[in-house]
Amino acid sequence: MTVKRILFGRPLRSVAFDVAVSGFVVLFGLTGAVNQPGGWWGTGVGAAMAVALLFRRAHPSAVAAAVAVLALVQVAAGWGPLAFDVAVLIALYSVVKYAERLRDGIIFGIVAAVGVVLGALQMQGTVAWWATAIWFGLVTGAVWLMGLNVRTRRLYVFSLEERATTLEREREAESRAAVAEERTRIARELHDVVAHSMAVMIVQADGARYMFDRDPETAREAVKVVADTGRQALEEMRRLVGVLREPSAADPAAGTDGAGPLGLSAEPVHRRPALVGLPELLDRFRAAGLRIDWTVTGEPPALPPGLELTVYRVVQEALTNALKHAGVGATVALGMDHPPDAVVVRAVDDGRGRPVVRPAPSGGHGLVGMRERVTVYDGSLTAGPRLAGGWQVEVRLPLPSSTVTEVTA
């Protein structure tokens, strides 16, 4: 296991760097410890400055205050500038960069400027004190501006990270809302499927009751239709309850979202789309500006109403996404394959259209809604860009065992 934080909860690398900085100040000061003013007393003051620099990241204002007091002791003793005074520049840089308020850096900058003048007055040599003060002032100002520049960049990076985190939360919230809304739509549409099946069962059962004595063979056929329709309706209901009760990994909070116990609301029953309406759907998208090459491979089996609805919605959503993103004038190769055990829908656009002003209304919420629908029937969805340009969507929906048996027979 990698050790990430030690000593006051700080990263190991930053602690090692601060120790190296303090060690540099100590070594730099010891080079002139014998001949410098103040002797070993001055060395002790400089060593205290170096120790204070160990905490310059966690407590920049306190470290700056401690270094300022030690520098004031040095000035009051009349020792003049010492090699250890490089700690003043490091503390100035640190307080400007790390302090929560820039005001602390401004205050310490003013204190450092005063110290520069006092230190220049105590220097003796051929150069005038004011020239020395200007030189020290330029160095101090350069350090202050460097700290301000790094602080600005640091805050900018923090703001970008915070913005990225906020956008990520918003995307997750939108995804959860989209899944919840799509599940409500699925519940309503599958409710229509089950209601249709129940109506068929009632009609057939009534017919069988009246035909038992007159035409037993017709009555047996009616009872068989009732049994088959009931099994199919039960399977649809099982899938409905499963998708609404079991939240997916990406949507732990999804549920009925204000609907009834099974996600069924008191909304009016809408006409349920079916595959027989696909030509009309394709004509609408062609009128909107898409060029659609529609191919069907294999013999289409009789699909359960819920699965038929899912295929219809997948085609609708794939064409809507192509119109939105590939644009008007794009060519879409839309195919439906019928292997013995599945239905495969594939939509490939060339991405060479122009932006659409008013795209056709979507049947769901893009890939999120499409994936949610496909998952209900244990299907698979693959989507992504193509190397040659454009986008490809492929959905594979396994057929129920009863349908596979009929097709094989």
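Values in this document were obtained by computation on a predicted structure and should not be read as measured data.
The minimum heavy-atom distance linking P398 with G379 is given by the pair CD-CA, 3.7 Å. Closest of all the heavy-atom pairs between L54 and S22 is CD2-OG, 3.4 Å. Heavy-atom minimum distance, L399 versus P301: CD1-CG, 4.0 Å. Closest heavy-atom contact between M336 and V315: CE-CG2, 4.5 Å. Nearest heavy-atom pair, A91 versus F108, reported as atom, atom and distance to 0.1 Å: C-CE2, 4.0 Å. In this structure, V314 and V374 approach most closely via the heavy-atom pair CG2-CG2, 4.2 Å.
Interatomic distance, CD of E317 versus CE of M370, reported as 5.0 Å (0.5 Å rounding). Atom CG of residue L282 and atom CD of residue Q316 lie 11.0 Å apart, to the nearest 0.5 angstrom. Here the CG-CG distance, from L278 to D283, works out to 10.5 Å after rounding to the nearest 0.5 Å. Taking CG of L290 as the reference point, atom CG of L323 lies at 4.5 Å (rounded to 0.5 Å). Taking CG of L307 as the reference point, atom CG of L275 lies at 8.5 Å (rounded to 0.5 Å).
Results of the salt bridge (Lys or Arg N to Asp or Glu O under 4.0 Å) test with R396 over D378, D341, D337 single out D341 as the only residue that passes.
Residue pairs satisfying the side chain to side chain donor-acceptor pair (under 3.5 Å) criterion with at least one member in residues 155-165, sequence neighbours excluded, are absent. Sorted by first then second residue, the side chain to side chain donor-acceptor pair (under 3.5 Å) pairs that include residues 144-154, not counting sequence neighbours, number zero. For the side chain to side chain donor-acceptor pair (under 3.5 Å) condition, the pairs that include at least one residue of residues 92-113, sequence neighbours left out, are R56-S94, R57-Y98, S61-D104.
Contacts of V296 classified as side-chain contact (heavy atoms from CB on, under 4.5 Å), with partners at least two apart in sequence or in another chain: W294, P300, H338. By the side-chain contact (heavy atoms from CB on, under 4.5 Å) test, A71 pairs with M49, V88, sequence neighbours left out. Residues passing the salt bridge (charged side-chain N to carboxylate O under 4.0 Å, His left out) test with R291: none are found, sequence neighbours excluded. For V25, the side-chain contact (heavy atoms from CB on, under 4.5 Å) test picks out A50, L53, F84, V86, A87, I90, with sequence neighbours left out. Partners of R352 by salt bridge (charged side-chain N to carboxylate O under 4.0 Å, His left out), not counting sequence neighbours: none found. With sequence neighbours excluded, the residues forming a side-chain contact (heavy atoms from CB on, under 4.5 Å) with Q392 are R346, V348, R386, E394, listed by chain and number.
A 4.5 Å side-chain heavy-atom check between V95 and V63 finds every atom pair outside the cut-off. Residues T140 and V143 fail the side-chain proximity criterion, which asks for heavy atoms closer than 4.5 Å. When side chains are defined from C-beta on, T310 counts as touching L397, because their heavy atoms get closer than 4.5 Å. Inter-residue side-chain proximity for L148 and L102 is flagged as met; some heavy-atom pair is nearer than 4.5 Å.
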- [ ] In sequence, state the C-alpha distance, the side-chain angles, and the governing distance for R171 and E168, and then conclude on salt bridge (Lys or Arg N to Asp or Glu O under 4.0 Å).
- [x] CA-CA 5 Å; R171 280 194 296 268; E168 183 66 23; 2.6 Å; yes

Open item on the list: Show, in sequence, the C-alpha distance, side-chain angles and deciding distance for L319 and L334, and conclude whether the side-chain contact (heavy atoms from CB on, under 4.5 Å) test is met.
Closed with: CA-CA 9 Å; L319 294 178; L334 180 64; 4.3 Å; yes

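Side-chain atoms of D349 come within 3.5 Å of backbone N or O of W391 as a donor-acceptor pair.
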